[in-house]
Amino acid sequence: MTDSLCDVGLVGLGVMGKNFALNMADKGVRVGVYNRTTEKTRRFIREEVNGRPITPGYSIKEFADTLKSPKTVLIFVPAGDAVDEVIGELPDVIGPGDLVVDCGNSHFKDTDRREERLREKGILFLGMGVSGGESGARHGPSLMPGGSEEGYTRIRSILEASAARVNGEPCVAYLGPRSAGHYVKMVHNGIEYGIMQLIAETYDLLSRGPGFDAERLSSIYEKWNRGELQGYLIEITAQVLARKDDRTGRPLVDMIMDRARQKGTGKWASMDAMELQNPVPTIDAAVTMRNLSDYQADRRKASEVLQGPSRTSIAHPESLPDGLQKGLFAAVLLTYAQGMSLLRQASLRYEYGLDMEAVARIWRGGCIIRAGVLEDIREAFRAQPGLDNMVLSPHVVEKLSACQQDLRGVVSAGVELGIPVPGHMSALAYYDAYRSLRLPANLIMAQRDYFGAHRYERIDDEGTFHTEWNS
Ligand code: 6PG
């Protein structure tokens, strides 16, 4: 009897849940599935299961009875209340020693709360970031689990079999206690927002500057994807730009409203970075630009009254793509640096004990921010596990030295043309601020002391000081 029971259960047969169930089943894992709407389960079994070892449960009790003990339940429902609802139902059918894994984009503070509640009941809990969209879930995502280490050990072989692989290494690792996994996924999404904004800025410069059409742009990104910028987001940009609209025959991208929506994980990264006082200016800029894109009516009015630069062309449009390619690479590298530095800070503050090399390793495949440069980032943290900021790694210093001038060129082109490039500007400012021996914060401290007697430190003495500035 036990032999026919399922190795793992999965709740939530949306596209991510269904695909992950099929993915695991293809690796020989016996999967029990449950969805609150039973028709969804019936349709899945009827149309997609195709003889794979997947067993339906049409009530939560029936579902739990299909699982072998100790039971493991993976939850694939939208982040938020739905996760609490599923977790609320589970204690009736599972108990101490069983394992629950939340595979959604949950806020890390919710994960901490859920982990604590379940731990009190003796139930093991993992918060696991799953990246790679529908196709990743089906063919190999990057998995970012955190929480109960005992729970991870129990399902490690299933996760390793289902995750993406790079050079034979699975893109999954136990990241740390409590919400470590969901925190890493949140920062992944912050970096995702940053890189998407940076790519969008180069697209804007090339289309509004020299006026390249979508077809030409597609071939530029396709070429970039064969160089040091190689990565999933560059690859799909080339494909997106090549796509024609079925209705009009025009490039589909030209028919899409310029209004960016968001579910918010990038914004959460930005918010927690502020909380931890760890600068992630390119991620902040990306969130801000998504927000600003929504002010369409205001933008229309402002476009009629606000002046731009007097010159609206650049001297050598043909050489623009090469400069942008290197400048974009610098900005992308600096965005990873900001995300990694936030992770390091969070690891100290929340006591996650993150292994930064492992984070870079599991991001090399399956996830949305996978890119060739992650191999270099991994190498930087392998060589110096305690590295505070990867911009200080000799390897990264060398790479940035080779393209920081081009980053300045991107910013200049944006300024000259009156095209906003806040992602590149913020990355450059981060770079220049980081390498500044002296920043003007001394003046800020003097001003604070002037109006609020907030005191300042001196460069030549210990302690804090106040000056009667008006005397
Ligand atoms: C991933 C994606 C995925 C999802 C985001 C999109 O790693 O597979 O990040 O989690 O597409 O939720 O986020 P926004 O809706 O906020 O852009």
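These numbers come from the heavy atoms of this one structure, side chains and all, not from hydrogens, waters or symmetry mates. Whatever order the structure lists ligands and atoms in, that order sets their numbers, starting from 1.
Residue-to-ligand polar distances keep Gln262 apart from ligand 1: every N/O pair is separated by 3.5 Å or more. Between Gly264 and ligand 1, an N or O atom pair is found at a separation short of 3.5 Å. For the pair Glu192 and ligand 1, the shortest N or O to N or O distance falls below 3.5 Å.
Ring geometry for Trp363 against His188 counts as perpendicular: the plane angle is over 60°, on a 0 to 90° scale with 30° as the lower cut. Between Tyr350 and Phe108, the ring-plane angle classifies as tilted under the 30° and 60° cut-offs.
When distances from atom 11 (O) of ligand 1 to the protein are checked, no heavy atom turns up under 4.0 Å.
Using a 3.5 Å distance cut-off with no hydrogens or angles, the side chains of Asp110 and Ser106 do not pair a donor with an acceptor.
In this structure, of Gly132, Pro78, Ser135, the residue bringing a heavy atom nearest to atom 8 (O) of ligand 1 is Gly132.
For the side-chain hydrogen bond (donor to acceptor under 3.5 Å, both in side chains) criterion with Gln338, the lone passing option out of Asp284, Thr282, Asn278 is Thr282.
A cation-pi arrangement, defined by a distance under 6.0 Å to the six-membered ring centre and an angle within 45 degrees of its axis, is present between Arg42 and Tyr58.
The closest approach between any non-hydrogen atom of Gly266 and ligand 1 is not below 4.0 Å. Look at Arg290 and you'll find a heavy atom under 4.0 Å from some atom of ligand 1.
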